[in-house]
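Taking it in order: structure first as structure tokens, then the write-up.
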2 protein chains.
Amino acid sequence: MHEQETCVAVRDVLSRVGDKWSVLVVSMLRDRPLRFSELRRTIEGISQRMLTLTLRGLERDGLVARTVTPTVPPRVDYALTDLGRTLLDPVLALAAWADGHRGEIARARERFDRKDPGKQD
Amino acid sequence: MHEQETCVAVRDVLSRVGDKWSVLVVSMLRDRPLRFSELRRTIEGISQRMLTLTLRGLERDGLVARTVTPTVPPRVDYALTDLGRTLLDPVLALAAWADGHRGEIARARERFDRKDPGKQD
DNA sequence: CAGTATCCCTCGGGATACTG
DNA sequence: CAGTATCCCGAGGGATACTG
């Protein structure tokens, strides 16, 4: 299980999950497809540029499908693929962990920062 | 569940998980405590600086415990805390997902890159 | 052995402006 | 509406040298 290829693949996915917007976008698409502008409005804080880049990355990895309706003005819908949907489970498990332990983590940080003051600005 | 605080906590954990070394360090400590130099040798590729920084971060979040034995030369052991151990489950689930779907992802990328050549160098 | 301290460079990502 | 193109800054992270 700890082969080289596996490690690379795992780190690859982990960095996807760790980036600032990917998981948020995926979780927004959980229930139904959304248009570019809907995603942009819903996510709040994301720049046009980063939304585009995030969606391209997710599309490239086969997690999100992009559907263009060539009207004018154009309409583009984004939806989770089957693969994208399977990612939801482990990600939500991690999110649940984060939510469930955020108190412990916050307390650990306070303790650490009290012991070692001035290091964390 | 989608309160502001939760989102912050989740993103916080996700960025920990997404950083280059944290998960690797945690998974190395899975079975038993390890010394600084053992971690350094085992992980392969990590710089002394990044190992230190990663361990400090994990310690600050209460995921790893640092034990100094004041001999000369000094000996420092790192071990997972109970909290750190609970993180293992969701992280391993994600790793399993990554391993299980890496073929699909690779194929999706090939397809995407063939359609849109020259964009990814 | 187990770190700190510096230097330096790449990349993530925000702001803004322009286009089919 | 749904993007691309530029510019720019700060964080992440590697290499190297020094220390208790």
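Reminder, nothing fancy here: chain letters follow the sequence lines and each chain counts from 1.
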(request) Using atom CZ of A/Arg40 as one end and atom C1' of D/dC1 as the other, report the distance to the nearest whole Å. (result) 11 Å

(request) Would you indicate, yes or no, if D/dG12 has its OP1 or OP2 atom less than 4.0 angstrom from a side-chain nitrogen or oxygen of B/Arg16? (result) no

(message) Between P on D/dG12 and CZ on B/Arg56, what's the gap in Å once rounded to a whole number?
(response) 17 Å

(request) Measure from CZ on A/Arg11 to C1' on D/dG12 and round the result to the nearest Å. (result) 14 Å

(message) Nearest to the A/Pro74 side chain among C/dG14, C/dG3, C/dG20, which nucleotide is it?
(response) C/dG20

(request) Output yes when at least one side-chain N/O atom of A/Arg35 is less than 4.0 Å from OP1 or OP2 of D/dC1, else no. (result) no

(message) Is the terminal nitrogen or CZ of A/Arg11 (NZ for Lys, CZ for Arg) located under 6.0 angstrom from the six-membered ring centre of B/Trp21 and within 45° of that ring's axis?
(response) yes

(message) Return whichever of A/Pro73 or A/Trp21 has its heavy-atom-nearest nucleotide of DNA chain C closer to the 5' end.
(response) A/Trp21

(message) Please pick, from C/dG14, D/dT4, D/dG13, the nucleotide with the shortest atom-to-atom distance to any side-chain atom of A/Thr52.
(response) D/dT4

(request) Let me know the distance between CG of A/Leu51 and P of C/dG13, rounded to the nearest Å. (result) 13 Å

(request) Please tell me if the side chains of B/Leu34 and B/Leu29 come closer than 4.5 Å, counting only heavy atoms from C-beta onward. (result) yes

(message) Using heavy-atom distances to pick each residue's nearest nucleotide on DNA chain D, tell me which of B/Leu53 and B/Gln48 is more 5'.
(response) B/Leu53

(request) Look through every strand shown and name the nucleotide pairing with D/dT19 as Watson-Crick or G-U wobble, where both distances are under 3.5 Å. (result) C/dA2

(request) Measure from CZ on A/Phe36 to C1' on D/dT4 and round the result to the nearest Å. (result) 11 Å

(message) Once you apply a heavy-atom cut-off of 4.0 Å, does A/Ser37 come out as touching a base, just sugar-phosphate, or nothing?
(response) sugar-phosphate

(request) Would you please confirm or rule out a distance under 4.0 Å between OP1 or OP2 of C/dG3 and any side-chain N or O of B/Tyr78? (result) yes

(message) Output the rounded distance in Å from CZ (B/Arg49) to P (D/dA17).
(response) 16 Å

(message) Could you check whether any side-chain heavy atom of A/Tyr78 comes within less than 4.5 Å of a side-chain heavy atom of A/Leu55, counting everything from C-beta outward?
(response) yes

(message) Membership question, hydrophobic clusters at under 4.5 Å side-chain separation (ILVMFWY): are B/Val64 and B/Val68 in the same one?
(response) yes

(request) May I ask which nucleotide in the shown strands pairs with C/dG13, Watson-Crick or G-U wobble, both distances under 3.5 Å? (result) D/dC8

(request) Answer yes or no: is there an ion pair linking B/Arg75 with B/Asp77, defined by an N-O contact shorter than 4.0 Å? (result) yes

(message) How many whole angstroms separate atom CD1 of B/Ile43 from atom C1' of D/dG14?
(response) 15 Å

(message) Rounding to an integer number of Å, can you tell me how far A/Met50 CE sits from C/dA15 C1'?
(response) 13 Å

